[in-house]
Structures are given as C-alpha cells and as structure tokens.
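No experiment lies behind these values; they were computed from the predicted model shown. Chain identifiers are assigned alphabetically (A, B, ...) following the order of the sequence lines, protein sequences preceding nucleic acid strands; residue numbering begins at 1 within each chain.
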Amino acid sequence: MRFWPYPGAVPRTELSNTTIADALEELGDLYELDGAIVHRVLAYRGAAKSVRDAPVSVAELAREGRAAELPGIGATLQEKIRALVEDGSIPAAEKLRAKFPAGLIAITRLPGLGPKRARLLYTELGVDSPRALREAAEQERLRTVRGLGPKLEERVLAALDETPEGPARPAPRMLLPRALELGEALVEGLERRGPKGTRVQLAGSVRRRADSVKDLDLVAVTTRPAALAKSLAELEEIESVGSAGTAGARGRTHSGVPVDLRIAKPAQLGNLLQHFTGSGEHNAALREAAVRRGLHVSEYGILDDATGKTRTCATEEEAYELVGLAYIEPELRENRGELDAAATGTLPELITLEDIRGDLHSHTIASDGHNTIGEMARAARDRGYEYLAITDHSASHGFGNDVSPGELGRQIELVHQANESIEGIELLAGSEVNILPDGSLDYDDELLRQLDWIIASMHTSFRMSEQAMTERMITAIEHPLVDAIGHPTGRLIQRREPYAIDLYAVYAAAARTGTMLEINANPDRRDLSDVQARAAATAGATILIDSDAHRIATLANMRWGVATARRAWLTKEQVANTRPWSEFTKLRKQQRK
DNA sequence: GCCGTTTTCGGCCCGACTGTTTTCAGTCG
C-alpha cells in the first residue's frame with residue numbers, strides 16, 4: 001500500500017454518513033416503540049436526514065465534537081454519534097434492542113399499523129413478528145384488543161399475503177424518466193378528455209426531479225371538478241379509480257403506480273401546488289417557520305393570527321412571499337437549507353439545460369455505442385453544442401466492445417478527420433479509460449498523450465475495501481493526463497449501491513489537482529448524486545455533466561444530469577461544460593501545463 | 001431531542017381518513 005496521500009485525512013475507514021443515519025433512524029423507531037413523545041422521535045428522524053445530507057464526514061465531525069454544528073443535532077446526539085463512531089454502538093440502542101424484538105419494527109411498517117398498535121399487540125397478545133401477527137389475525141385474536149377490530153385483521157392478512165415477512169424495504173420506485181413520461185401522458189389525457197379549459201400539472205417528487213418516484217401527484221384547475229375527476233377513470237393508462245369527487249380522485253395505473261389527482265380553485269392553486277409538490281420535510285419546515293411569524297400554512301391557504309383571516313394564493317410565488325420567502329425552485333425543496341437561503345435572499349441561480357455547451361462523454365460503434373462519429377457529432381451540433389468528446393471504452397472494458405491499444409491511433413485519426421469535415425462543432429478524440437485495481441490506466445502514457453480528452457472510470461473490481469478503493473481512485477485523479485472521473489461512485493439507482501469509497505478524500509484530491517468530477521446523466525446512474533455533487537462543489541471540485549450517450553437519442557439524457565445539478569444547488573459557473581469552447585479547452589490538463 | 005425577533009422552558013406543521021368509538025386515537029401523506 002502506498003503512503004496515504006492527503007493531508008488532514010484520517011488513514012482509517014470511517015463510518016459513512018449513510019450508516020450513521022441508518023443507526024439514528026433505527027434508534028428513533030425504537031424510541032417510538034418505547035412510547036417516547038412524537039417530537040423526540042421526529043428529532044431522531046430529522047437528525048438522520050441531516051446526517052445523510054451532510055456535505056462532510058459526520059464521523060469525523062463527531063470525533064472532533066463538532067457534529068452539533070449540523071442542523072437538528074445537539075449535544076445529546078453528538079455524544080450518541082461519537083459513541084457509535086468510536087465504540088461501535090450506541091448504549092441506548094443496545095438497551096432498547098433487548099427490550100423489543102426486531103420483528104416489531106417490521107410490524108410497524110405494515111399498513112394500518114404504527115408503533116402504538118405494534119406495542120399494544122406485543123404487550124396484549126405477545127405478537128413479536130409478522131409471522132406471529134398472521135397467526136393472531138387468523139385466529140381472530142386482534143379484535144380482542146381494545147381499539148382494534150375485524151377490519152384491521154382483514155387488512156393485516158391482506159398485507160401479509162403480499163409480504164409474509166413484513167415489508168422489509170419500501171415498495172420499488174420508478175426512475176424519473178418513466179415517471180415523467182407517465183405523468184405527462186396523464187396530464188395530456190386529462191386536459192384532452194376533461195372539461196374544456198382544464199389545466200393540469202405535475203407536482204410531487206416528479207416535479208422536484210427526484211431520482212425515483214413512488215406515486216404521481218397531479219394538480220388541476222377546471223370549471224367542472226366532478227366531471228374532471230370522473231375522466232381520470234377513462235384514461236387508457238388507468239387501471240382503476242378508488243374514489244372520485246369534486247376535490248379530486250385517486251387511482252392506479254396498469255403498472256401499479258398510485259395516482260393522486262387534486263382539483264384546486266384557481267384562487268388556491270398556489271397553495272395546493274406548493275403543498276403537493278412537497279417534499280414533506282420542506283413543507284413541515286416551512287410551516288414551522290411560518291408559525292413563528294404567526295402564520296399557518298396549509299394546502300388551502302395561509303391563516304394569519306393577526307387578522308384571523310385565511311389568505312389564498314393563485315401562484316406559488318405569492319404563497320412563498322406571504323411567509324416572507326423568495327420563490328424556491330421545486331428541485332431545492334428538500335429541507336436542505338433552502339428556507340434559510342430564501343429568507344436571506346441567498347438562493348443560488350440554478351444551472352439550466354440551455355447553459356450546457358458541450359458533452360464530454362459519448363460512445364460510438366467503435367465500442368458499445370450504436371452510431372458513428374459523424375452521426376453523433378451532427379446530433380450534438382443540432383442540440384446546439386459547441387463541442388463533443390468521443391470517449392469509447394478502452395482496452396480492458398471487459399465486455400467485448402472496446403478500442404484496443406492497436407486500434408486507438410486509427411480511432412483518433414477518424415475523430416480528427418470528422419472534426420475537419422464537420423462544421424460548427426469541435427470534436428475531441430477522447431477515451432473512457434478504465435481505472436485498474438491498482439489505480440493505473442489501461443492505455444500506457446504514450447498512447448494517452450495522443451488523446452485530446454481523458455475521462456477515467458471504474459468498471460470492475462467494485463468490492464475492494466474502502467481504503468483501497470479510495471487510493472485507487474486518487475491515483476487516477478492524480479494522473480497528469482486524466483481530465484475527469486466518470487460516474488464516480490458506480491451506483492445504479494435502485495439496483496446497485498455505490499462502492500465503498502471515501503468521497504471527501506476524492507473531492508479534495510479532485511479540487512487539488514483540477515480533475516473534474518462527473519455528474520453522469522444516465523438516468524439509471526445520476527452519479528454523482530445531488531447531495532454528493534453539492535458536497536464536491538463545496539469542496540472546490542469542478543463539476544462536469546455528461547450524457548454518457550451510447551446513441552444519438554441518449555444525448556438527450558443530459559437533462560437528467562442537469563436536474564441532479566439543480567438539486568445539488570449548482571450554478572452555471574460551477575459546471576465546466578457551460579463554458580464556451582475557448583474557455584473550456586483551457587481547463588484540460590494537457591492545456592494547463 | 002432540538003431550539004429561540006415572544007422563550008434556556010415549553011413549545012414543536014396541517015389536514016384527511018379509517019375504524020372504532022360514543023367523541024377520538026392512530027395512521028398517513
């Protein structure tokens with residue numbers, strides 16, 4: 001192993017923010033079972049979120065006694081996190097785990113059952129697992145408990161039929177592109193079939209452009225609410241509608257996605273849209289802040305204690321203004337500091353898709369892409385780009401489609417020829433070079449020097465230790481010819497966790513060496529994530545947004561990367577490929593020498 | 001458990017729905 005290369009970093013594997021957040025959530029669940037007041041439980045959940053979203057290593061903060069600098073964490077939680085980091089566990093959690101069987105937490109996740117009822121079932125009936133619960137329900141023993149009845153037995157059995165062990169994980173969510181496509185089809189269908197003049201828009205996590213989405217929220221304005229609610233059932237995408245009235249309708253699509261349509265009076269559209277765009281955490285924090293000003297925010301309006309009157313808002317802008325805030329873009333509504341920024345006028349001016357001037361990661365038929373250099377170049381030019389890097393896979397990609405060292409010279413020549421013959425776009429002969437387990441690259445330096453642009457990525461050996469993985473990555477970052485790191489964590493949304501790596505060390509090394517870190521815009525990746533990209537930029541790293549297109553059509557994936565960048569609070573200035581070619585080219589490592 | 005242009009103590013977002021109750025607790029978003 002080589003010398004640990006970065007000053008100030010701790011040469012030992014720290015607990016990740018995710019691990020710490022999970023532990024705090026578990027402790028919150030346990031306290032809830034134990035009958036703690038709801039606000040204490042909420043404090044744990046809030047703290048868990050704060051840790052998960054933190055732009056720095058919370059383990060390191062806790063060792064230094066500084067974790068309480070994070071919102072929602074005070075002296076008590078600072079100490080508990082320190083115990084977890086230094087001693088490996090939190091004493092309070094150990095105690096509660098001994099008190100409540102693990103199966104009880106699974107029971108609280110069943111529909112209709114929360115902590116209160118789970119505890120009741122445990123103390124009254126000795127139910128300590130989803131299996132024991134099924135038995136008790138089948139024997140009609142739930143109804144013997146005061147407050148529970150036959151309806152609940154039915155509901156419990158139905159839920160346990162689907163997941164006999166209890167829902168271990170939350171229901172699977174759709175990725176954003178599919179959710180957006182489905183949502184837009186519903187909007188279009190409702191506007192077409194609904195009463196004339198009906199206007200429908202998407203709210204919820206789709207509007208916030210989250211990585212994935214569990215249901216679709218639609219907000220409509222119409223002259224005939226009952227008729228519009230009824231027309232939801234007529235859409236070809238809709239399988240069934242549970243309830244429909246003048247306030248809206250709920251149903252599900254054939255693909256099993258819950259759909260919630262809410263109908264607003266035009267004068268209240270701003271309130272309703274704001275409420276149903278969420279996030280839940282954003283709304284809760286917004287309302288708490290409003291209460292301090294004597295205002296009570298709901299989906300129907302804003303009640304002012306001073307006048308006793310409720311004011312309604314036709315637009316979201318008005319609603320935010322009434323509580324003393326600047327308008328907050330939907331992508332920022334995650335309670336990650338946007339309320340303070342809106343109160344002090346320090347919200348960032350977010351990057352837009354139109355700001356993007358080039359794409360530095362694309363594939364052609366030379367590796368696993370589906371179009372030629374010329375086709376990709378013209379499509380990029382048609383998107384208004386000034387530059388495009390052709391970055392086919394290097395020799396050891398390992399999936400059969402790659403550019404061997406012997407072929408690379410020819411590939412470079414082809415790109416340069418295309419660059420000569422195609423007007424209006426600068427083509428870079430690049431490569432997506434593999435980072436080998438020891439951190440070296442799989443073309444030798446002599447070959448690499450012939451390239452205009454090098455993006456280095458990991459495609460194999462994901463299971464190395466965190467320290468080894470971090471050293472591997474930093475070795476690549478420090479390579480004098482590597483311009484950028486592609487999909488830095490290797491995650492696949494909903495399918496593969498990031499590999500173990502110390503991202504804070506990665507950000508620092510990238511900032512120090514001027515190596516760009518990619519937000520890969522492939523909607524399965526969006527890697528770096530929103531939280532990570534924000535932390536990377538905060539650490540001084542330059543961000544790059546790439547489509548990683550494997551065909552002409554997927555050049556358009558850029559939009560998902562921009563969505564992630566917006567959720568990361570990034571401005572145009574923080575993203576390298578918003579620069580015109582004359583400025584961008586100076587950021588390349590070979591040009592900076 | 002956190003936190004402070006009403007507070008270092010006493011608050012802590014809002015509303016709907018459900019099923020079980022005789023006025024409401026628990027759950028959900």
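Formation of a donor-acceptor pair under 3.5 Å by the A/K49 side chain with backbone atoms of A/E334 is found in this model. Between the side chain of A/E25 and the main chain of A/A48, no donor-acceptor pair closer than 3.5 Å is present. At least one donor-acceptor pair closer than 3.5 Å links the side chain of A/T123 to the backbone N or O of A/R119. Of the possible polar contacts, none joining the A/Y507 side chain to the A/A539 backbone as a donor-acceptor pair under 3.5 Å is found.
Smallest separation of non-hydrogen atoms from A/T277 and A/A203: OG1-CB, 3.7 Å. The shortest non-hydrogen separation linking A/P523 to A/I493 is O-CD1, 3.4 Å.
Counting heavy atoms of neighbouring residues, nucleotides and ligands inside a 6.0 Å radius, atom CZ of A/R293 does not exceed 12 of them. In A/R224, the CZ atom is not crowded: 12 or fewer heavy atoms of neighbouring residues, nucleotides or ligands sit closer than 6.0 Å. Atom CZ of A/R146 is surrounded by 12 or fewer heavy atoms from other residues, nucleotides or ligands within 6.0 Å.
Side chains of A/R209 and A/L176 form a contact here, defined as non-hydrogen atoms less than 4.5 Å apart.
Across the P atoms, B/dT20 and B/dT27 are found 13 Å apart, a figure rounded to whole Å. Atom name C1', nucleotides B/dG15 and B/dG10: the rounded distance is 24 Å, in whole Å. Look at the C1' atom in both B/dG1 and B/dT6: the space between them is 22 Å, to the nearest Å. The gap from the C1' atom of B/dT7 to that of B/dC12 amounts to 13 Å, rounded to the nearest Å. Taking the C1' atoms as reference points, B/dC2 lies 12 Å from B/dT8, given to the whole Å. Comparing B/dT23 with B/dC28, their P atoms sit 25 Å apart, to the nearest whole Å. To the nearest whole angstrom, the two C1' atoms, one in B/dT18 and one in B/dT22, are 16 Å apart.
Within residues 140-154 of chain A, the residues that have a heavy atom under 4.0 Å from DNA chain B are, in order of number, A/R146, A/G147, A/L148, A/G149, A/P150, A/K151, A/L152. Residues from residues 85-96 of chain A placing a heavy atom under 4.0 Å of any atom in DNA chain B do not occur.
Contact annotation for A/V297: backbone-only contact, meaning every heavy-atom pair under 4.0 Å involves sugar-phosphate atoms and none involves a base.
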Please write out each protein N/O paired with an N/O of nucleotides 1-6 of chain B under 3.5 Å, distance rounded to 0.1 Å.
unit_1, atom_1, unit_2, atom_2, d
B/dG1, OP1, A/R40, NH2, 3.1
B/dG1, OP1, A/Y44, OH, 3.0
B/dG1, OP1, A/K80, NZ, 3.2
B/dG1, OP2, A/R40, NE, 3.2
B/dG1, OP2, A/R40, NH2, 3.2
B/dC2, OP1, A/G74, N, 2.4
B/dC2, OP1, A/G74, O, 3.4
B/dC2, OP1, A/L77, N, 3.4
B/dC2, OP2, A/T76, OG1, 3.3
B/dC3, OP1, A/G72, N, 2.9

List, with names and distances, any nitrogen or oxygen atoms from the protein found under 3.5 Å away from nitrogen or oxygen atoms belonging to nucleotides 26-29 of chain B.
unit_1, atom_1, unit_2, atom_2, d
B/dT27, OP1, A/G114, N, 2.4
B/dT27, OP1, A/G114, O, 3.2
B/dT27, OP1, A/R117, N, 3.3
B/dC28, OP1, A/G112, N, 2.8

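For the residue pair A/D530 / A/T564, no side-chain donor-acceptor distance below 3.5 Å is found, with atom types taken as modelled.
Look at B/dT27: its Watson-Crick or wobble partner, with both distances under 3.5 angstrom, is B/dA16.
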Using distance only, find each side-chain donor-acceptor pair of residues 229-239 of chain A under 3.5 Å and give its atom names and separation, not counting sequence neighbours.
unit_1, atom_1, unit_2, atom_2, d
A/S231, OG, A/L228, O, 2.6

Enumerate donor-acceptor pairs with a distance under 3.5 Å from any side-chain N or O in residues 305-328 of chain A to protein atoms, sequence neighbours excluded.
unit_1, atom_1, unit_2, atom_2, d
A/D305, OD1, A/H296, NE2, 3.1
A/D305, OD2, A/H296, NE2, 3.1
A/T307, OG1, A/K309, N, 3.1
A/T312, OG1, A/A267, O, 3.4
A/T315, OG1, A/E318, N, 3.2
A/T315, OG1, A/E318, OE2, 3.3
A/E316, OE1, A/R207, NH1, 3.3
A/E316, OE1, A/R207, NH2, 2.8
A/E316, OE1, A/R333, NH2, 3.0
A/E316, OE2, A/R207, NH1, 2.9
A/E316, OE2, A/Q274, N, 3.4
A/E316, OE2, A/R333, NH1, 2.9
A/Y320, OH, A/Q274, NE2, 3.1
A/Y320, OH, A/H282, NE2, 2.9
A/Y320, OH, A/R333, NE, 3.2
A/Y327, OH, A/R333, NH2, 3.4

